[in-house]
Amino acid sequence: MPNLVEIVKSRVMLHTSGTLGNVIKARNAALCAQGPPARASAEAQLQGALRQIFALAETYPNLKANQNFQQLQSELSDLENKIAASRRFQRGGRRQCHA
């Protein structure tokens with residue numbers, strides 16, 4: 001995924017590159033977060049950053065049509081789904097422990 005981010009980054013105008021930087025920082029924070037509260041906060045920031053990427057695609061139709069961006073968007077959606085599944089699994093485990 002980092003290579004795809006770099007490809008897409010090269011195609012976005014300079015003033016929008018901060019959006020991709022935010023995604024990268026949020027992704028790294030989510031991967032390094034320790035403990036449920038920190039992880040939940042980091043994942044919420046990641047989801048917000050991902051929403052900015054999708055909004056960016058709506059703003060730049062040529063970017064949306066780019067195959068590399070479409071692949072990145074697909075991988076980011078997959079990542080969001082995995083995060084949601086992990087949260088459901090974690091909540092289920094906590095319910096079992098507290099039952």
Side-chain angles (χ1 to χ4, degrees):
M1 185 152 64
N3 291 338
L4 285 174
V5 170
E6 290 303 317
I7 291 168
V8 173
K9 192 176 191 178
S10 69
R11 295 195 178 258
V12 178
M13 299 171 82
L14 182 60
H15 69 279
T16 59
S17 65
T19 303
L20 287 168
N22 291 341
V23 171
I24 293 167
K25 288 177 189 173
R27 178 182 160 267
N28 291 337
L31 291 173
C32 297
Q34 298 292 320
R39 181 169 283 150
S41 175
E43 288 175 357
Q45 289 178 347
L46 176 58
Q47 285 185 333
L50 292 174
R51 284 188 195 103
Q52 291 176 352
I53 288 286
F54 296 132
L56 183 65
E58 295 300 322
T59 305
Y60 296 98
N62 292 337
L63 179 63
K64 189 175 180 180
N66 181 282
Q67 184 177 0
N68 291 326
F69 186 81
Q70 288 176 352
Q71 185 179 359
L72 174 63
Q73 193 172 20
S74 174
E75 288 189 23
L76 291 175
S77 292
D78 183 51
L79 181 61
E80 280 186 318
N81 291 336
K82 288 178 182 176
I83 289 170
S86 295
R87 285 183 181 160
R88 286 191 302 271
F89 179 76
Q90 185 180 27
R91 285 186 211 127
R94 272 189 271 155
R95 274 188 237 128
Q96 285 180 349
C97 288
H98 295 292

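- Scanning for side-chain hydrogen bond (donor to acceptor under 3.5 Å, both in side chains) contacts around N28 gives an empty result, with sequence neighbours left out.
- Nearest heavy-atom pair, A30 versus R39, reported as atom, atom and distance to 0.1 Å: O-NE, 4.5 Å.
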Trace of the side chain to side chain contact (heavy atoms under 4.5 Å, CB included) decision for D78 with K82
CA-CA 6 Å; D78 183 51; K82 288 178 182 176; 3.2 Å; yes
Which donor-acceptor pairs under 3.5 Å do side chains of residues 41-48 form with protein atoms, sequence neighbours excluded?
unit_1 : atom_1 : unit_2 : atom_2 : d
E43    : OE1    : R87    : NE     : 2.9
E43    : OE1    : R87    : NH2    : 3.3

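- Atom CG in L50 sits 4.5 Å away from atom CD in E80 (nearest 0.5 Å).
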